[in-house]
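The structure under discussion appears below in the form of structure tokens.
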Amino acid sequence: MVIVMKQHATDSQIEGVVEKLVSQGFDVHRSTGVERTILGAVGAKVVDIRDYELVEGVQEVHRITQPYKLASRAFRPEGTVIEIKDVKIGGGETVVMAGPCTIEDYEQCNLIGERIRAAGARVIRGGAFKPRTSPYSFQGHGEEGLKSIRKAADNHGLLVISEIMESSQLPLAQEYIDIIQIGARNMQNYGLLRDIGQTDIPALLKRGMSATISDLLLAAEYIMSEGNHRVILCERGIRTFETHTRNTLDISAIPVIHELSHLPIVVDPSHAIGIRDKVPPLARAAMAAGADGLLLEVHHDPDNAICDGAQTMTLEQFDDLMGELKVIAGAVGRKTATANAL
Ligand code: PEP
Ligand code: MN
């Protein structure tokens, strides 16, 4: 942290700041110029810089290191590749995860699983515990649903990604799920994050709808600081003043996160835009911008899906999109996991 004192700061004001820093465990390096004094504070402690901005005689305060350590790019400059069975996430290959918003029954999972695998997806998605805005909406089929998606995934050589909403669901995750999804609404459920951090199950952490990129990386830090470093970040659209779309996909988050963090970043265009026909353009954009994966809602009969049908692609739309993604991947120097299947 660097503290720039005001031009006419008195010696006692400068001493006051130095004492405060030392009492908080910082080593202080003082640079006294003709016009003003600059204090460099070195230490591992994370402080609220506003506490220093308010001190008399202080002009401005700058943080020079990020408050997240384990999630920062500096921690692993070469980038993280998360290996789950035969799938690698984060290594220059864009992994496609697809499936229904919610698990409806085994036949549905099996049919969708077969089709998405044939098109090149490596992971099937589907919620058994649904975080619905209204408590009266369908809440998910729970363990029965997880059994269905697990069986379908195993039939077709797919991994399972599914959301859990509370720590009591961790034993079920251990039994049925390859990647735990942490939903946008739970990004800052720190107890859940810490508990997932104590397992070794890979976690896909969705960005909260009002969360900054720093908030997302600090949420990842909660999981990692408990020992689980297998964290995949997910941009799923944020709330803005725009009303034509469900959320606004923050494409900028992809290159920015790649610079700030070594963790893979996956994009969910379905929840971002919320409109079926407009998901493919966003998916293409995310691929072009360097996303390490895509999370897509796909259903064999989306008009009759139990939830999120309006933003869920048909299997035919999915097939077409996978073809387009391959072309874009080639153009931007990425591989698609689809290569394995086609
Ligand atoms: C989902 O993926 O089905 C979901 C509920 O997403 P989000 O947490 O991003 O709203
Ligand atoms: Mn959904």
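Read the numbers this way: they start at 1 and go in the same order the structure lists the ligands and their atoms.
Nearest N/O/S atom of D308 with respect to the Mn ion (ligand 2) is recorded as OD2. Residue-level check: among N/O/S atoms of E297, OE2 sits closest to the Mn ion (ligand 2).
Between the side chains of D320 and Q317, no donor-acceptor pair of N or O atoms lies under 3.5 Å. With no hydrogens or angles considered, no side-chain donor-acceptor pair links E242 and T240 at under 3.5 Å. Counting only N and O atoms by type, the side chains of E297 and H299 include no donor and acceptor under 3.5 Å apart.
Each of the following atoms of ligand 1 lies closer than 4.0 Å to a heavy atom of G183: 8 (O). Every atom of ligand 1 with a heavy atom of E297 under 4.0 Å away is listed here by number and element: 3 (O). Of all the atoms in ligand 1, the ones that sit under 4.0 Å from a non-hydrogen atom of R185 are 7 (P), 8 (O), 10 (O). Here is the list of ligand 1 atoms found below 4.0 Å of a heavy atom in K130: 1 (C), 3 (O).
The distance from the Mn ion (ligand 2) to the nearest N/O/S atom of H271 is under 2.8 Å.
Atom OG1 of T102 and atom CD of Q139 lie 10.0 Å apart (nearest 0.5 Å).
Within the cation-pi definition used here (under 6.0 Å to the ring centroid, within 45° of the axis), K151 qualifies as a partner of Y106.
R73 places a side-chain N or O within 3.5 Å of a backbone atom of H258 that can act as its donor or acceptor partner.
Test R276, K278, R246 against Q311 for side chain to side chain donor-acceptor pair (under 3.5 Å) and you get one pass: R246.
Considering backbone and side-chain N/O of A184, one or more are found under 3.5 Å from N/O of ligand 1. Taking any N or O of D268, backbone or side chain, none lies under 3.5 Å from an N or O belonging to ligand 1. At a 3.5 angstrom cut-off on N or O pairs, E163 does not count as close to ligand 1.
Look at M209 and you'll find every heavy atom at least 4.0 Å from all atoms of ligand 1.
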Applying side-chain contact (heavy atoms from CB on, under 4.5 Å), run through N110 and H156 and close with a yes or a no.
CA-CA 8 Å; N110 197 43; H156 304 295; 2.8 Å; yes
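Here atom 6 (O) of ligand 1 lies nearest to K206 when heavy atoms of R125, R246, M187, K206 are compared.
Ranking protein heavy atoms by distance to atom 4 (C) of ligand 1, first place goes to H271 NE2, 3.4 Å. For atom 5 (C) of ligand 1, the nearest non-hydrogen atom of the protein is P131 CG, 3.8 Å.
Salt bridge absent: R63 and D48 never bring a charged side-chain N and a carboxylate O closer than 4.0 Å.
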